[in-house]
Engineer: 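Below you will find the structure I want to go over with you.
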Amino acid sequence: MAKDKKQPRPKAETPKGFRDYFGQDVTERRDMLDRIAQVYHRHGFDPLETSAVETVEALGKFLPDVDRPNAGVFAWQEEAVPGGGTAGDWLALRYDLTAPLARVAAQYRNDLPSPYRRFAMGPVWRNEKPGPGRFRQFYQCDADTVGSASVAADAEICGMLADALEAVGIDRGDYLVRINNRKVLNGVLEAAEVREDQAEDVLRQIDKFDKVGRDGVLALLTTGRLDDSGARIDGVGLSEGQAAPVLAFLTSKGTDNAATLENLSAAVGGSAIGAEGVDELRQIAAMLAAMGVAEDRAVIDPAVVRGLGYYTGPVFEAELTFEILDDKGRKRQFGSVAGGGRYDGLVERFTGQKVPATGVSIGVDRLLAALRAKGLAGAQVAGPVVVTVMDRDRMSDYQAMAADLRAAGIRAEVYLGNPKNFGNQLKYADKRGAPVAIIQGGDEAERGVVQVKDLILGARIAAQASVEEWKSQPAQTEVARADLVAEVRRIIG
């Protein structure tokens, strides 16, 4: 009789596009999000946690920022209801935190205050091809106001975003919240007499302004250009006269908000929707000034064009302006870490009625990377005090020491591995990043004392001291058992 084939062991590896987060990563992210949450809370926003799973119907058009409807999510169909004979609902992991908000705003519209101000933080999932720095699961941090058509809501979000960046440690001068308005661009397209079938192409070319500059965009709007490889890129087919208002819009940034708004007014010409957009930007600028948010923190900037295909009014992004070194050692600005704007059509899918909304999303991983680049995160976090075990039969005594330390607010643990080899216990403490090890053998117990070993000082002495200094054990102190907590607190500060 043939033997059953052995089942191959599963590979211990993280699925492609996903990653594991260990102690320090988790701690740093939590601390950063806690600081942001405090800012949002002070501004009157309430926390909201929604299910990680939504119905595909509720999610609607997937990933509104890409040209792949019905793609990009992890979805599955529930089994048929027993006796029903038909398959169940299609479900999917949420791809952002905004689509669930739209469902919540519709589902609980009779119970929630209006406007409803909420913030949410958590993982989202996108079924996309992974790449360097691009993962299928990542964290988002959102704040939104649903139910207010006033641009005061947009101004508040922008000011709150600036406050949040400073709360996590980004200094003034190292960031800028830049603000634009989709209505202004609509007015520019109207002034340029862009046909409806050309509008999407024009938006795509405008989005390349940062990369190719004024002349590059002019070529892309008109007859086309050659890319870096020499390949031909077709133009939209506008005349240079039609392209002129678009270029005026892109280059209308002035020395201050007043000059920028004046230039934008000229760019939209006689367009009513464009004039409305400029007036909204003027109101936002005035309100930010009244809130004490100066132009070195938040500024009107027509160069903000990303997301204009999705947003319906004001649009904004937070850019970090300090320089870092890229993978090739070249200096570059860190770039955008947050973006948002007004999206008045999202809740309408559920209710049939337009519900105004505005919000911002912070890229959690990018902001944390920025803090590390500035030396504001990434420092080695001290591990727990480790109480070593010299005698298995006295485990209760060791647990009591750890409990005393914890009661005093000091992180502590008892070594729970095999205590036979004391050297392994110290190696464990080193791997844990422990600042102190507590040692008490039978002799110390009889005398009512403990040995307190300063592991940080010990490591420094081992690297620098002479043999005689090392033998004198200056990093190890004997104290009364009753003084254990005070001695540990003295060492760790």
Side-chain angles (χ1 to χ4, degrees), residues 36 39-48 50 60 64-65 96-106 108-109 112-121 140-165 177-186 273 276-288 290-291 293 297-302 304-319 336-351 353-363:
I36 294 172
V39 172
Y40 291 172
H41 183 73
R42 281 202 303 272
H43 280 75
F45 286 67
D46 288 332
L48 172 68
T50 61
D65 54 341
D96 68 7
L97 298 175
T98 308
L101 171 63
R103 189 262 304 162
V104 165
Y108 301 100
R109 62 187 180 278
L112 293 172
S114 184
Y116 175 51
R117 299 138 74 90
R118 82 89 175 88
F119 66 89
M121 302 169 175
Q140 285 189 336
C141 170
D142 288 14
D144 297 78
T145 298
V146 179
S148 174
S150 170
V151 292
D154 303 281
E156 181 181 56
I157 291 281
C158 292
M160 187 170 71
L161 177 56
D163 288 347
L165 292 175
V177 179
R178 302 159 62 220
I179 309 160
N180 199 358
N181 196 316
R182 172 61 200 258
K183 293 178 182 177
V184 176
L185 181 56
N186 287 346
I273 189 68
E276 182 180 323
V278 173
D279 184 60
E280 288 180 356
L281 289 177
R282 188 174 286 112
Q283 292 180 59
I284 290 173
M287 281 183 273
L288 286 172
M291 292 160 57
V293 182
R297 301 176 67 200
V299 67
I300 307 301
D301 190 347
V304 181
V305 293
R306 289 175 179 80
L308 286 176
Y310 171 62
Y311 295 113
T312 58
V315 57
F316 26 85
E317 71 175 19
E319 182 179 78
S336 177
V337 293
R342 181 162 287 276
Y343 54 98
D344 287 347
L346 200 59
V347 183
E348 183 181 5
R349 295 178 45 248
F350 297 94
T351 63
Q353 301 172 333
K354 283 198 176 296
V355 179
T358 187
V360 67
S361 181
I362 293 175

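Keep in mind the model is a prediction, meaning the values are calculated, not measured. Note that these values count all heavy atoms, side chains included, but never hydrogens, waters or copies made by symmetry. Sequence positions, counted from 1, serve as the residue numbers for this chain.
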Engineer: Under the side chain to side chain contact (heavy atoms under 4.5 Å, CB included) rule, collect the residues that match up with Ala338, sequence neighbours excluded.
Structural biologist: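 Testing Ala338 for side chain to side chain contact (heavy atoms under 4.5 Å, CB included), a comparison that skips the adjacent residues, returns Leu161, Ala318, Val360, Ile362.
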Engineer: Assess the residue pair Cys158 and Leu288 against the criterion (side-chain contact (heavy atoms from CB on, under 4.5 Å)); give the C-alpha distance rounded to whole Å, side-chain angles, the decisive distance to 0.1 Å, and a yes or no.
Structural biologist: CA-CA 8 Å; Cys158 292; Leu288 286 172; 4.2 Å; yes
Engineer: Looking at Glu319, is its backbone amide N or carbonyl O close enough to the side chain of Ser336 to form a donor-acceptor pair, meaning the two atoms are under 3.5 Å apart?
Structural biologist: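 It does not hold such a pair.
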Engineer: Would you give the length of the straight line joining atom OH of Tyr116 to atom OG1 of Thr145, rounded to the nearest 0.5 angstrom?
Structural biologist: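 It comes to 10.5 Å.
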Engineer: Please step through side-chain contact (heavy atoms from CB on, under 4.5 Å) for the pair Leu101 and Thr50, ending with a clear verdict.
Structural biologist: CA-CA 8 Å; Leu101 171 63; Thr50 61; over 6 Å; no
Engineer: To the nearest 0.5 Å, how far apart are OH in Tyr40 and CG in Asp142?
Structural biologist: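 Going from the OH atom of Tyr40 to the CG atom of Asp142 covers 8.0 Å.
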Engineer: Please evaluate residues Met287 and Val151 with respect to the criterion side-chain contact (heavy atoms from CB on, under 4.5 Å), reporting the C-alpha separation (whole Å), side-chain torsions for both, the decisive distance (0.1 Å), and the verdict.
Structural biologist: CA-CA 9 Å; Met287 281 183 273; Val151 292; 3.7 Å; yes
Engineer: Does the structure place the NZ or CZ of Arg342 under 6.0 Å from the centre of the six-membered ring of Tyr311, at an angle of no more than 45° from the ring's axis?
Structural biologist: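 Judged by the rule, Arg342 and Tyr311 form no cation-pi pair.
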Engineer: Determine the minimum heavy-atom distance between Glu156 and Arg117, stating which atoms define it.
Structural biologist: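 For Glu156 and Arg117, the tightest heavy-atom pair comes out as OE2-NH2, 2.9 Å.
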Engineer: Show the nearest heavy-atom pair for residues Ala164 and Ile36, with the distance to one decimal.
Structural biologist: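 That would be CB-CG2, 4.3 Å.
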Engineer: Between Asp344 (side chain) and Ala357 (backbone), is there a donor-acceptor pair under 3.5 Å?
Structural biologist: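 Yes, the answer is positive, given that a donor and an acceptor are paired below the 3.5 Å cut-off.
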Engineer: Grab the two heavy atoms, one from Asp301 and one from Asn180, that are nearest each other, plus how far apart they are.
Structural biologist: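 Minimum heavy-atom separation between Asp301 and Asn180: O-CB, 3.6 Å.
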Engineer: For residues Ser148 and Pro115, report the shortest heavy-atom separation together with the two atoms involved.
Structural biologist: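 So the minimum-distance heavy-atom pair works out to CB-CG, 3.8 Å.
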Engineer: State, with a plain yes or no, whether a side-chain heavy atom of Ile284 is found less than 4.5 Å away from one of Pro314.
Structural biologist: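 A side-chain contact under 4.5 Å exists here.
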Engineer: Please report the C-alpha distance between Arg182 and Val315 in whole Å, then the side-chain angles of each, then the deciding distance to 0.1 Å, and finally whether the side-chain contact (heavy atoms from CB on, under 4.5 Å) criterion is met.
Structural biologist: CA-CA 7 Å; Arg182 172 61 200 258; Val315 57; 5.8 Å; no
Engineer: Decide yes or no for Val146 and Val355: does some side-chain heavy atom of the first lie under 4.5 Å from some side-chain heavy atom of the second?
Structural biologist: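 Of all side-chain heavy-atom pairs linking Val355 with Val146, at least one is under 4.5 Å.
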Engineer: How many angstroms lie between CD1 in Ile157 and OG1 in Thr358, if you round to the nearest 0.5 Å?
Structural biologist: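 Interatomic distance, Ile157 CD1 to Thr358 OG1, rounded to 0.5 Å: 5.5 Å.
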Engineer: Grab the two heavy atoms, one from Gly359 and one from Phe316, that are nearest each other, plus how far apart they are.
Structural biologist: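 Scanning both residues completely, I find the closest heavy atoms to be O-CE1, 3.5 Å.
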Engineer: Between Ala106 and Phe350, which heavy-atom pair has the shortest distance, and what is it?
Structural biologist: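 Smallest interatomic distance, heavy atoms only, reads CB-CB, 3.3 Å.
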Engineer: Using the test side-chain hydrogen bond (donor to acceptor under 3.5 Å, both in side chains), find all partners of Arg297 that sit at least two apart in sequence or belong to another chain.
Structural biologist: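 For Arg297, the residues satisfying side-chain hydrogen bond (donor to acceptor under 3.5 Å, both in side chains) (neighbours in sequence not counted) are Asp163, Glu166, Tyr175.
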Engineer: Is it true that Arg118 and Asp144 have a side-chain N and a carboxylate O under 4.0 angstrom from each other?
Structural biologist: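 Yes, charged N to carboxylate O under 4.0 Å.
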Engineer: Once rounded to the nearest 0.5 Å, what's the spacing between atom CD of Glu276 and atom NZ of Lys183?
Structural biologist: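 The NZ atom of Lys183 is 4.0 Å from CD of Glu276, to the nearest 0.5 Å.
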Engineer: So, taking the atom named CE in Met121 and the one named CD in Gln140, what distance separates them when rounded to the nearest 0.5 Å?
Structural biologist: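 Reported value, rounded in 0.5 Å steps: 12.0 Å.
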